[in-house]
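The next block holds one structure in the form of structure tokens; read it before the comments.
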Amino acid sequence: TRAAQMKFTSQKDFNELIKASRGGIGKALEYLEPKAFKEIKAQRDFIRSFIFEALVRRRAENIIPMLSKFSSKRDALADELLLLALAVRDLIVLKKSDSSSLEFYCDANEAIELSDKVPLSFLYTLYKNIDVAIEENKRNANVRIMIMKLAVNSGII
């Protein structure tokens, strides 16, 4: 099967597929299609890059252009915000225990390194503001203003 082949040829991609499907067999089967996997992998890579820039580098000249790369389509943005929330959730959980189950990160060491570089209070603030953005997205708020507000209120820029 395609899943067995992926696991054999690229354990990293296989792990990405498993995390992206969030335990759903239907989603995993959907993501086995090369086009679907390429899209979800690109989305996850973007969120991973955004998190790194926002939490580690914290340089506005890098972050502001990334804000414009968030989707302007509500459904896609909802997916991106969910992934962002899951990533930050993982970092918060790792502040309490190195052996926690991760929802976004495949590489626990990557997540632990990130978690160690950011104060828990900053992660809580970011998580709270992501939750606000998710709710505003559901209420049809202006997408660009909402994303900028998320960054400003979280102290990212």
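Positions are given from 1, in the same order as the sequence printed here.
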So if you build clusters from Ile, Leu, Val, Met, Phe, Trp, Tyr with side-chain heavy-atom gaps below 4.5 Å, do [X] and [Y] land together?
{"X": "V152", "Y": "I145", "result": "no"}
{"X": "V93", "Y": "V88", "result": "no"}
{"X": "I130", "Y": "V132", "result": "no"}

Got a donor-acceptor contact below 3.5 angstrom from the [X] side chain to the [Y] backbone?
{"X": "E103", "Y": "R89", "value": "no"}
{"X": "K95", "Y": "V118", "value": "yes"}
{"X": "N129", "Y": "T125", "value": "yes"}
{"X": "R74", "Y": "N140", "value": "yes"}
{"X": "K27", "Y": "A20", "value": "no"}
{"X": "D90", "Y": "L102", "value": "no"}
{"X": "S154", "Y": "L150", "value": "yes"}
{"X": "R57", "Y": "I63", "value": "no"}

Are more than 12 heavy atoms, taken from residues, nucleotides or ligands other than [X], located less than 6.0 Å from that residue's [atom1] atom?
{"X": "K149", "atom1": "NZ", "value": "no"}
{"X": "F122", "atom1": "CZ", "value": "yes"}
{"X": "D75", "atom1": "CG", "value": "no"}

**Q.** Pairs touching residues 54-90 that satisfy ring pair (Phe, Tyr, Trp, His ring centres under 6.0 Å), sequence neighbours left out
**A.** F46-F70, F50-F70

Is [Y] close to [X] at the side-chain level, that is, under 4.5 Å between some pair of heavy atoms?
{"X": "L120", "Y": "K96", "value": "yes"}
{"X": "L55", "Y": "K117", "value": "no"}
{"X": "L91", "Y": "L126", "value": "no"}
{"X": "I47", "Y": "F104", "value": "yes"}
{"X": "I40", "Y": "E30", "value": "no"}
{"X": "C106", "Y": "R44", "value": "yes"}

Shortest non-hydrogen contact from [X] toward [Y]:
{"X": "P65", "Y": "A60", "result": "CD-O, 4.1 Å"}
{"X": "A87", "Y": "Y105", "result": "O-CE1, 3.6 Å"}
{"X": "M146", "Y": "A133", "result": "SD-O, 3.1 Å"}
{"X": "S71", "Y": "R144", "result": "C-NH2, 3.8 Å"}

Q | Partners passing side-chain contact (heavy atoms from CB on, under 4.5 Å) against A151 (at least two apart in sequence or in another chain) | A |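 Here the qualifying residues are L67, I156, I157.
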
Q.
If the condition is side-chain contact (heavy atoms from CB on, under 4.5 Å), which residues does A28 pass it with, not counting sequence neighbours?
A. L17, S21

In Å, rounded to the nearest 0.5 Å, how long is the span from [atom1] of [X] to [atom2] of [Y]?
{"X": "N109", "Y": "L114", "atom1": "CG", "atom2": "CG", "answer": "11.5 Å"}
{"X": "K128", "Y": "D131", "atom1": "NZ", "atom2": "CG", "answer": "10.0 Å"}
{"X": "I147", "Y": "K69", "atom1": "CD1", "atom2": "NZ", "answer": "14.5 Å"}
{"X": "I51", "Y": "M66", "atom1": "CD1", "atom2": "CE", "answer": "9.5 Å"}

Q. So does R48 pair up with D45, basic N to acidic O under 4.0 Å?
A. yes

Q.
Could you walk me through whether R22 and L86 satisfy the side-chain contact (heavy atoms from CB on, under 4.5 Å) test, starting with their C-alpha distance in whole Å, then the side-chain angles of each, then the deciding distance to 0.1 Å, before giving a yes or no?
A. CA-CA 11 Å; R22 299 192 66 222; L86 291 173; 3.4 Å; yes

Q | Full working for salt bridge (Lys or Arg N to Asp or Glu O under 4.0 Å) between E61 and R59 | A | CA-CA 6 Å; E61 64 268 19; R59 297 178 62 183; 2.6 Å; yes

